[in-house]
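Structure, as structure tokens:
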Amino acid sequence: MKNNESKPLIVQSDGTLILDTHEPLFEEARSAISLFADLEKSPEHFHQYRINDLSLWNACAMDITLAHIETTLKQYSRYPIPPSLMAKVEQRYDRYGHLKLESHPTDETQLIMKVLNKPHLMRELQSQPKLRKLIITEETDTFRLNALDRGLLKHELIKLGWPVTDLAPLTQGDPLAIDLLPSTQLRPYQQSAVTAFLGDKQLGRGFGTVILPCGAGKTLVGIGTMQALQCETLILAANIAAARQWIREIVTRTTLTEDQVSEYSGQSKVIAPVTVATYQILVWRKAKTEPFLHFNLFKERKWGLIIYDEAHLLPAPVFRITSEIQSVRRLGLTATLVREDNAEAEVFTLIGPKRFDAPWKELEHQGWIATAQCVEVKCDLNEKEHLEYAIAPNRSKIRIASEAVSKITLVKAILALHQGKPTIIIGQYLSQLQAIAKELNLPIITGKTPQDLRDDLYNQFRNKTIQTLILSKVANFSIDLPDATIAIQLSGSFGSRQEEAQRLGRILRPKEEMSYFYSLVSRFTLEEEFAINRMRFLTEQGYTYQILSQEDFFDD
DNA sequence: CAACTTGCAA
DNA sequence: TCGAGTGCAAGTTG
């Protein structure tokens with residue numbers, strides 16, 4: 001069996017695929033299985049993929065046959081394929097293709113859903129209360145539905161395990177000549193992302209989600225797609241800063257001029273061939289009962305492409321409107337779909353399935369993002385804090401642990417260790433940050449800091465006039481934050497992995513030198529447990545986590 | 001009327 | 001539940 005030893009893949013009956021990154025066939029196997037399995041974790045030695053309902057139906061949609069999946073698994077698997085797994089795959093495949101969704105021939109506010117070759121399916125669907133609510137009329141093998149419920153319907157059907165094929169043709173949108181300027185070139189992985197998104201145009205693919213880490217240039221993937229499609233485009237961004245960033249990038253990197261690219265926000269409501277809007281303005285309304293006034297934006301022009309930046313932040317009502325416009329090409333961009341609620345399925349069904357993701361570690365190897373070392377430093381509570389902690393209700397325990405005064409001394413030690421390196425200090429509680437700012441006499445930026453002062457401090461940080469900057473939660477979203485080599489996290493919120501990833505993203509711009517990400521954690525407290533949770537995401541992404549204690553800093 | 005501040009929402 | 005943040009519109013001011 002020496003021959004099989006060198007095969008990279010281990011297939012388990014629960015659908016987990018483990019891929020050994022050291023085997024020569026690794027790369028080949030990776031691209032083969034990613035057609036029907038999702039990447040779950042990519043630590044350094046073994047990557048983990050999973051075959052699940054969504055990934056299989058996604059494969060169905062790409063016309064990948066059952067036989068192809070079996071052959072691929074056999075080809076790369078070290079051990080025999082568990083028969084129960086193939087049985088499960090077959091079962092899932094069998095559920096695909098029985099439901100077809102079409103537009104009503106005369107009434108465009110309605111949809112027709114046909115049930116094919118499954119006698120009992122009609123009955124099964126009729127008995128579902130959530131579907132009942134959406135059905136207008138029913139005949140022997142068809143349902144009539146409201147066009148507005150299209151996305152909701154697709155989502156409910158996925159949850160019931162009966163995916164529907166949406167046959168509504170994708171509209172082309174109004175044409176727009178757009179070209180990259182010669183000074184700009186897509187990196188290989190950005191190009192792959194664009195290609196993966198577009199797929200084979202004859203199959204009509206043109207919706208989906210691309211996953212890339214912060215700092216890997218998601219904007220260019222968007223711009224590359226616009227160039228390929230040559231059509232008017234609506235871009236949705238999480239906040240105004242991000243929206244303006246898109247506009248800047250588009251104007252400086254493409255042949256489009258300033259008056260062809262506009263901002264649609266609370267401050268400026270201009271609509272142009274390329275319009276960048278915030279999520280906020282879309283979901284704004286006078287009162288809870290009033291309609292969403294700005295949803296018209298979707299129909300204002302014949303958009304050929306809608307780009308959802310930071311797709312994991314999509315507010316619920318935007319999901320709903322997205323379901324109404326399923327005939328327009330949709331590109332979701334995100335650093336991570338890990339959301340503490342489980343909205344990933346919604347992103348996949350309404351915007352589109354995952355088309356591309358690159359393991360962070362790999363981009364790091366190729367030098368596109370910086371090499372980072374994560375260090376967790378344990379520190380101790382003092383006598384008084386210990387006492388307070390012991391008697392405090394759970395709620396305040398976290399805060400006491402987060403605000404341990406020993407963290408201040410540690411910050412000093414770490415700053416001394418990395419003397420001369422651009423450093424940011426991030427934390428959750430203003431009082432603590434302010435105390436450190438005062439103690440160390442360092443500048444601080446919080447939500448209340450006026451924009452011009454922020455810009456001023458950022459600039460000084462960029463041109464190295466100041467070396468250290470203290471930042472509150474504003475750091476999580478601010479786009480124009482300058483690069484740092486060292487980040488010190490004083491406290492994080494409730495173990496949100498997404499937040500951790502965002503913060504790490506701040507120090508991941510490509511640089512020659514190693515970046516360090518320090519997390520300060522109080523020993524023997526709840527904070528330790530949260531830290532484990534937060535740490536998991538990064539470990540799974542392939543980062544090594546080093547654990548030190550405060551003594552390590554004061555010994556020598 | 002542009003540039004603030006204030007209050008609300010999710 | 002809380003703390004900190006954001007964006008929106010309307011009100012206030014020089």
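Reminder, nothing fancy here: chain letters follow the sequence lines and each chain counts from 1.
Test A:Ile425, A:Leu469, A:Leu471, A:Leu433 against A:Ile444 for side chain to side chain contact (heavy atoms under 4.5 Å, CB included) and you get one pass: A:Leu433.
Atom CD1 in A:Ile400 sits about 13 Å away from atom P in C:dG3, given to the nearest Å. Distance, A:Leu282 CG to C:dT6 P: 19 Å, rounded to whole Å. Regarding A:Leu314, its CG atom lies at a distance of 17 Å from the P atom of B:dA10, rounded to whole Å. Look at CD on A:Glu290: it is 14 Å from C1' on C:dA9, rounded to the nearest Å. Between the P atom of C:dC2 and the CG atom of A:Leu430 lies a distance of 17 Å, rounded to the nearest Å. One can place CG of A:Leu433 at 15 Å from P of C:dG3, the figure rounded to the nearest angstrom. As a whole-Å value, the separation of A:Arg503 CZ from C:dA4 C1' is 11 Å. The distance from atom CG of A:Leu313 to atom C1' of C:dG7 is 14 Å, rounded to the nearest whole Å.
Side-chain atoms of A:Ser431 and A:Arg399 form a donor-acceptor pair, as typed in the model, at a separation below 3.5 Å. Residues A:Gln260 and A:Thr257 have side chains that bring a donor and an acceptor to within less than 3.5 angstrom of each other. A:Ser519 and A:Glu376 form no side-chain donor-acceptor contact under 3.5 Å, judged by distance and modelled atom types alone. Judged purely by distance below 3.5 Å, without hydrogens or angles, the side chains of A:Glu263 and A:Ser265 pair a donor atom with an acceptor atom.
At the phosphate of C:dC8, OP1 or OP2 sits under 4.0 Å from a side-chain N or O atom of A:Thr278. Contact check, A:Lys269 against C:dA9: a side-chain N or O comes under 4.0 Å of OP1 or OP2. Phosphate proximity of C:dG7 to A:His294: absent, as no side-chain N or O sits under 4.0 Å from OP1 or OP2.
Here the side chain of A:Trp284 is nearest to one of C:dT6, C:dA9, C:dG3, namely C:dA9. Closest approach to the A:Ile281 side chain among C:dC8, C:dT6, C:dG5 is made by C:dC8 (side chain taken as heavy atoms from C-beta onward). Among the nucleotides C:dT6, C:dG5, B:dA10, the one closest to any side-chain atom of A:Arg285 is B:dA10. For A:Ser265, the listed nucleotide lying nearest its side chain is C:dC8; candidates were C:dT6, C:dC8, C:dA4.
Counting non-hydrogen atoms under 4.0 angstrom, A:Arg244 reaches nothing in the nucleic acid.
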